[in-house]
Amino acid sequence: MDMYGFYTGKEFEAYKTQGAHVENGGVRFCTFAPAACKIAVIGDFNNWQEWYMNKINDGNFYEAFIPDAKAGQMYKYRIYTSDTAFVDHCDPYGFGMELRPANASIIRNLDSYTFRDETWMNARKTDYTKPLNIYEVHAGSWKTNEKDENGWFHYEELGRKLVPYLKKQGYNYVEFLPLSEHPCDESWGYQNTGFFAPTSRYGTAEELKKMIDYFHQNEIGVIMDFVPVHFAVDGYALANYDGTALYEYPNSAVGVSEWGSCNFMHSRGEVRSFLQSAANYWLLEYHFDGIRMDAISNIIYWQGDASRGVNGNAVDFIKTMNQGLKERHPGCLLMAEDSTNYPGVTKAVWEGGLGFDYKWDMGWMNDTLSYFQSHPDYRSRDYHKLTFSMMYYYDERFLLPLSHDEVVHGKAAIVQKMNGDYDGKFPQARAFYMYMYAHPGKKLNFMGNELGQLREWDEKREQDWNLLEYPIHDGFFRFMEKLNHLYLEYPAFFEGDYEKEGFQWLDCQQEEKVIYVIERRALQAGKNLIAVFNFSEKMWKDYSFSVEGVENLQLLLSSDEEEYGGTGIFRQKTLKVDNGTVTLDVPPMCGLYFLG
C-alpha cells in the first residue's frame, strides 16, 4: 500500500493490505490504530486467546501472521487503550461478519470464486443514450423463504428467483439496498458496521459473487447502495476504534448525524482512503456495475444544511473518489441521492463537477406525487407542477426515482398516494406511470410498486403477492410489465434523455382541461413517441393539438385498456394528422401513447 497515498486520501486499495488475508498456510492480519497501546488478535484459531500484533511501518499499523488460521473462522481485534483497558472490535476492513447480534469478523478468501461474466464486463460502458430501468430491492423482504428461520433467501437463491422475474417484467438493472453488514434490520443497511463485509443475513462473500455473476450472464446489471456519510454507533465497530475518534469527528456538533449515527470525518486522509477503498472493493471484487451513494446532501453541506455552508473537505473527497472510480472502472455507474440544487453534481470532475453519472430527481418526485395526491378539482391550479421539472431538467443528468423512501414512515405506497377511493386510484396510477416513462430521465421503481400495493413497505414482511389474485391488481401488474417492455424497446423513450432535441411540449397550456401532450424523439433510429395525458375527471371531446412531420399516429398503449382494468372507451388505433393537426376524444384519467 502507498503509505503517502493512504494518509493523503489518495489510496483506493487499502483493503489489499488491511484486514485478514489468507496466505502461505495461515492468515495475515493488519489494522490501522495509531492511538492503541497494544493490540491482540483473538479468534477460533487460538481459542479466543490473545495473539499480540507487532507494530509495523510508521508504528500506526499492527500486524500478525497466524499459522493454521483459515477461511471461515471468526476473529476480533482486542484493542488496548491502556495497559489494562481494552475493547474488542470487529475488523474495519473485515471481509465477512457474524449475523447480528453477534459481531465477530469472519476470515474470507476473496479468491475462492472465479467469475464467468467476461462477455458482460467487456461490453459494459457508460452510455447515456441507452435504457436504464431499475428495480430497487431490499433483499430480505422481496419474497419469504419458508425454509429459513428468518425468512431470508441466500444470495444465490435470491438471484435465481429475481432474474426470471426481472426479465419477464422488463427491468434491465437491479439495485439493492446496502448489502454491507449492519446490526439493525430497521436501518435497512444504511447504518453500517462492516463496510467490506457482505451481510451474513443472506450468505457469504462467495455466494454474493455467484449471484452477481448470474445476473450478468442473464444481461442484468447490478447496483448497490453505498453510504459514504455516516456509520453505526456500535462500540464494537468503527466508533472510537483505537480509543479516539479515528473515523468520526471528535465534536458532536458535526459528529452526530440526523439519524443519530457517527459522521465520517472526511478531512482525514485515512478516512477518505477507507471509503474509497470500500467503493472500489465492491466494484472490483464483486463486479457490481454501479454504486448509488446515499445522502449526498450531507456530503455537500455541513449536516445537510445549506445554511451552514459547503463542507469543502467532504466535497473534495467525493470528487477524488468519483474520479478515481471512473479511472479504474470506466463502465461503472455512479449515482447521487441528492435533494439540493448544488450545481454540477453530474459534471465531470475535470469540468468542476462532482463526477456522478446520474442524480436522483427528488424535485420531480415530490412535485409529481404531490400533484396526484391532490383532488382533480385542484389540478388546474397545480397544473404547472408537472411542467416545472423541464425548467431545470437539463442542468443535470437526472434519474426519476420512486424508491423505498417514498413508501415508508407515513408516506403511503405509490398507488395509495393517488387521490380518491380504491377503484379511483388505479386509473390515475396507470396514467401517472405513463407520464413518468414519457418524461426524460432514467427510471427506478421500488419492489411492490408494480403490484399496486396499498400498504407501506415493512422490512419484516414479504411483498403482498396475493394481491395478484384480485383483477384490479393483476391488471395493474400486467400494465406495468407492458410499460416496462415498451420503454426498453422503443428508442424514443431513452435516446434523447439528456439532449434538448429529444423532448418537446406539444401542449402544456391546458390548465382548465388538465391535458398535457409530450413528444419524445428518437434521435438515431425509430419513430417518435407522442404522449397525451388527461388528469381530470372529465372526458374531453374533439381536443386538438399540432404535430409536425407525420401523416398519422398509431396507438401504442392506452392506460384505459380493459385488459389492464380500464373502461376501454378509447378505441382509435390510428389518428389521422390533418394539416398538422390531430383531433381526438381524451378519456378521463388517461394516458395515451402514439407512434408517429
Side-chain angles (χ1 to χ4, degrees), residues 11-16 95 108-137 139 154-167 170-180 195-198 202-226 275-293 321-336 346 348 355-358 397 399 442-444 488 494:
E11 182 59 56
F12 280 78
E13 296 186 345
Y15 73 90
K16 291 188 175 182
F95 304 139
R108 300 291 188 206
N109 184 355
L110 295 181
D111 298 324
S112 65
Y113 181 75
T114 302
F115 280 92
R116 298 185 294 277
D117 60 353
E118 295 88 354
T119 300
W120 170 273
M121 295 297 287
N122 290 336
R124 192 178 74 177
K125 62 180 180 179
T126 304
D127 188 340
Y128 306 121
T129 68
K130 297 298 182 183
L132 184 59
N133 199 24
I134 304 169
Y135 188 67
E136 188 187 32
V137 172
H154 276 208
Y155 293 113
E156 195 173 4
E157 297 172 310
L158 182 61
R160 296 284 173 180
K161 291 184 176 295
L162 267 171
V163 162
Y165 182 82
L166 297 175
K167 293 178 79 70
Y171 296 96
N172 60 349
Y173 275 76
V174 61
E175 178 178 322
F176 288 100
L177 273 61
L179 295 176
S180 43
F195 278 78
F196 293 80
Y202 319 123
T204 66
E206 182 171 317
E207 287 176 307
L208 176 56
K209 290 182 178 183
K210 288 180 180 179
M211 181 185 77
I212 296 170
D213 201 357
Y214 186 65
F215 277 116
H216 287 172
Q217 291 173 38
N218 285 275
E219 299 183 318
I220 295 174
V222 189
I223 300 163
M224 189 178 82
D225 275 13
F226 179 68
L275 289 168
Q276 290 164 182
S277 295
N280 182 48
Y281 165 82
W282 295 111
L283 294 170
L284 180 62
E285 301 294 342
Y286 292 87
H287 289 200
F288 277 100
D289 299 290
I291 292 176
R292 177 266 195 187
M293 299 193 199
M321 180 165 71
N322 285 349
Q323 182 170 321
L325 293 176
K326 276 296 187 179
E327 290 170 354
R328 290 162 175 80
H329 312 281
C332 77
L333 301 177
L334 302 178
M335 303 177 180
T346 57
F356 287 98
D357 293 298
Y358 299 104
R397 284 189 298 272
L399 179 151
K442 309 311 179 186
K443 321 300 179 190
L444 179 144
L488 295 179
F494 52 79

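This chain uses plain numbering: 1 for the first residue, then up along the sequence. Given the structure is predicted, the values throughout are model-derived calculations rather than measurements.
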To the nearest 0.5 Å, what is the distance between [atom1] ([X]) and [atom2] ([Y])?
{"X": "Cys332", "Y": "Leu325", "atom1": "SG", "atom2": "CG", "answer": "6.0 Å"}
{"X": "Ile291", "Y": "Met335", "atom1": "CD1", "atom2": "CE", "answer": "10.5 Å"}
{"X": "Gln276", "Y": "Phe12", "atom1": "CD", "atom2": "CZ", "answer": "4.0 Å"}
{"X": "Glu118", "Y": "Gln217", "atom1": "CD", "atom2": "CD", "answer": "8.5 Å"}
{"X": "Lys442", "Y": "Tyr358", "atom1": "NZ", "atom2": "OH", "answer": "5.0 Å"}
{"X": "Phe95", "Y": "Leu110", "atom1": "CZ", "atom2": "CG", "answer": "5.0 Å"}

Legend entry - Asn280 and its side chain to side chain donor-acceptor pair (under 3.5 Å) partner, picked from Lys16, Arg328, His329: His329
Inset, instruction - Anything under 30° is parallel, anything over 60° is perpendicular, the rest tilted; go ahead and classify His287 against Phe115. - result: parallel
Inset, instruction - Step through it carefully: locate the ring centre of Tyr286, locate the ring centre of Tyr281, and say whether they are under 6.0 Å apart. - result: yes
Give a yes-or-no answer on whether the side chains of [X] and [Y] include a donor-acceptor pair shorter than 3.5 Å.
{"X": "Glu206", "Y": "Ser112", "value": "yes"}
{"X": "Tyr15", "Y": "Glu285", "value": "yes"}
{"X": "Asp213", "Y": "Tyr113", "value": "yes"}

Inset, instruction - Kindly determine whether Ile212 and Met224 satisfy side-chain contact (heavy atoms from CB on, under 4.5 Å), including the steps that lead there. - result: CA-CA 11 Å; Ile212 296 170; Met224 189 178 82; over 6 Å; no
Legend entry - side-chain contact (heavy atoms from CB on, under 4.5 Å) assessment of Asp357 paired with Tyr128: CA-CA 9 Å; Asp357 293 298; Tyr128 306 121; 2.7 Å; yes
Inset, instruction - Quickly, which of Thr126, Ile223, Asn322 forms a side-chain contact (heavy atoms from CB on, under 4.5 Å) with Leu334? Name it, please. - result: Asn322
Inset, instruction - Give the intermediate values and the outcome of ring-ring contact (aromatic ring centres under 6.0 Å, His included) for residues Tyr202 and His154. - result: CA-CA 4 Å; Tyr202 319 123; His154 276 208; 8.3 Å; no
Would a 4.5 Å heavy-atom cut-off, applied to side chains only, mark [X] and [Y] as touching?
{"X": "Tyr214", "Y": "Leu162", "answer": "no"}
{"X": "Pro198", "Y": "Trp282", "answer": "yes"}
{"X": "Phe215", "Y": "Leu166", "answer": "yes"}

Taking all heavy atoms of [X] and all of [Y], pick out the closest pair and write down the distance.
{"X": "Pro164", "Y": "Gly159", "answer": "CD-O, 4.5 Å"}
{"X": "Ala139", "Y": "Leu179", "answer": "CB-CD2, 4.2 Å"}
{"X": "Phe494", "Y": "Thr129", "answer": "CD1-O, 3.0 Å"}

Inset, instruction - Report the C-alpha separation of Ile220 and Tyr173 in whole Å, then their side-chain angles, then the decisive distance to 0.1 Å, and conclude whether the side-chain contact (heavy atoms from CB on, under 4.5 Å) test is met. - result: CA-CA 5 Å; Ile220 295 174; Tyr173 275 76; 5.5 Å; no
Inset, instruction - Begin with the C-alpha distance, continue with both residues' side-chain angles, and end with the deciding distance and a verdict on salt bridge (Lys or Arg N to Asp or Glu O under 4.0 Å) for Glu207 and Lys210. - result: CA-CA 5 Å; Glu207 287 176 307; Lys210 288 180 180 179; over 6 Å; no
Inset, instruction - Check the pair Tyr165 / Tyr135 against side-chain contact (heavy atoms from CB on, under 4.5 Å), numbers first and verdict last. - result: CA-CA 11 Å; Tyr165 182 82; Tyr135 188 67; 3.6 Å; yes
Legend entry - Lys130, NZ atom: more than 12 neighbouring heavy atoms under 6.0 Å: no
